[in-house]
Amino acid sequence: DAGVIQSPRHEVTEMGQEVTLRCKPISGHNSLFWYRQTMMRGLELLIYFNNNVPIDDSGMPEDRFSAKMPNASFSTLKIQPSEPRDSAVYFCASSDRDRGFEQFFGPGTRLTVL
Amino acid sequence: QKEVEQNSGPLSVPEGAIASLNCTYSDRVSQSFFWYRQYSGKSPELIMSIYSNGDKEDGRFTAQLNKASQYVSLLIRDSQPSDSATYLCAVNRDNFNKFYFGSGTKLNVKP
């Protein structure tokens with residue numbers, strides 16, 4: 001079975017540019033999570049969706065960040081405009097909350113904002 | 001107080017020894033508990049989940065949960081150099097799947 005798929009795996013951009021990260025959850029999973037990981041702050045939950053509906057976006061750092069889940073098999077995290085402090089690894093995870101709460105992570109997108 | 005606390009380590013153990021990793025959590029209503037392993041440059045990988053008090057064994061791994069004392073631990077028997085990684089503890093306390101992660105404990109298994 002395919003796991004969580006994220007793209008791109010690496011992204012280097014310049015300050016002020018728009019960045020879009022993409023995620024395809026595991027088929028059949030009904031919850032999707034976006035995390036950010038840095039050395040200083042560890043793993044932080046940004047936002048999560050249940051059945052494509054955003055449930056908690058309290059971790060989104062500011063209005064420059066937005067996330068959408070237009071259908072059960074696709075989600076995006078957008079940063080506009082990007083700043084150097086956004087440099088981090090962004091993970092997407094999914095789970096099937098009807099079969100337990102275990103979350104499975106994608107490989108991550110390493111974002112570098114110059 | 002952080003939701004989930006872990007000693008950052010590094011915890012160094014010799015090959016073949018038992019590695020003991022600990023995690024405490026602050027909210028008594030926490031329901032589900034998870035251990036993830038993360039190799040450097042990789043994503044977190046789920047290795048154990050535990051939902052009720054007591055021990056749960058899976059191969060060389062044993063998770064222990066004590067809700068009264070609000071801690072969960074992970075024991076790794078016969079530690080191997082390939083077990084060297086950061087181990088993240090995660091706690092879920094509601095019905096919406098939200099996890100609270102600890103900052104992780106770095107484990108070094110020396111040959």
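Note on naming: letters A, B, ... go to the chains in the order of the sequence lines (proteins, then strands), and numbering restarts at 1 for each one.
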Side chain to side chain contact (heavy atoms under 4.5 Å, CB included), that's the test. Do B:Val4 and B:Cys23 meet it? Break it down for me. CA-CA 7 Å; B:Val4 180; B:Cys23 170; 3.3 Å; yes
Tell me, side chain or backbone of A:Gln37 under 4.5 Å from chain B's heavy atoms, or both, or neither?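 Looking at A:Gln37, just its side chain touches chain B.
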When you measure from the side chain of A:Ser31 to the backbone of A:Asp96, do you find a donor-acceptor pair of N or O atoms at a distance under 3.5 Å?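 Answer holds: no.
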Counting N and O atoms only, with roles assigned by atom type, does the side chain of A:Asp56 sit under 3.5 Å from a partner on the main chain of A:Ile47, one being a donor and the other an acceptor?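 Not at all, since once roles are kept as given, no pair shorter than 3.5 Å links the two residues.
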Pairwise side chain to side chain donor-acceptor pair (under 3.5 Å) hits with a residue in residues 12-24 of chain B, at least two apart: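 Listed by first then second residue: nothing to list.
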Tell me the residues of [range] whose non-hydrogen atoms fall below 4.5 Å from those of chain A, in number order.
| range | answer |
| --- | --- |
| residues 99-111 of chain B | B:Phe99, B:Phe101 |
| residues 49-58 of chain B | B:Ser49, B:Tyr51 |
| residues 62-81 of chain B | none |

Is the number of heavy atoms from other residues, nucleotides or ligands within 6.0 Å of [atom1] ([X]) greater than 12?
| X | atom1 | answer |
| --- | --- | --- |
| A:Arg64 | CZ | yes |
| A:Asn71 | CG | yes |
| A:Glu83 | CD | yes |

In terms of ring plane angle, is the pair A:Phe105 and A:Phe91 parallel, tilted or perpendicular, where the classes change at 30° and 60°?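 It falls in the perpendicular class, over 60°.
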To the closest 0.5 Å, what do you measure between CZ (A:Phe104) and OG (A:Ser95)?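 One finds 8.5 Å between CZ of A:Phe104 and OG of A:Ser95.
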Would you tell me whether A:Tyr48 and A:Gln103 have side-chain atoms, one donor and one acceptor, within less than 3.5 Å of each other?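 Absent: no donor and acceptor within the cut-off.
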Any heavy-atom pair between the side chains of [Y] and [X] that's under 4.5 Å?
| X | Y | answer |
| --- | --- | --- |
| B:Val91 | B:Asp27 | no |
| B:Ile18 | B:Val13 | no |
| B:Tyr87 | B:Leu11 | no |

With a 4.5 angstrom heavy-atom cut-off, which part of B:Gln38 approaches chain A: side chain, backbone, both or neither?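 For B:Gln38, the contact with chain A is made by the side chain alone.
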Evaluate side chain to side chain contact (heavy atoms under 4.5 Å, CB included) for A:Ser82 paired with A:Glu11, printing each intermediate quantity in order. CA-CA 12 Å; A:Ser82 58; A:Glu11 177 81 24; over 6 Å; no
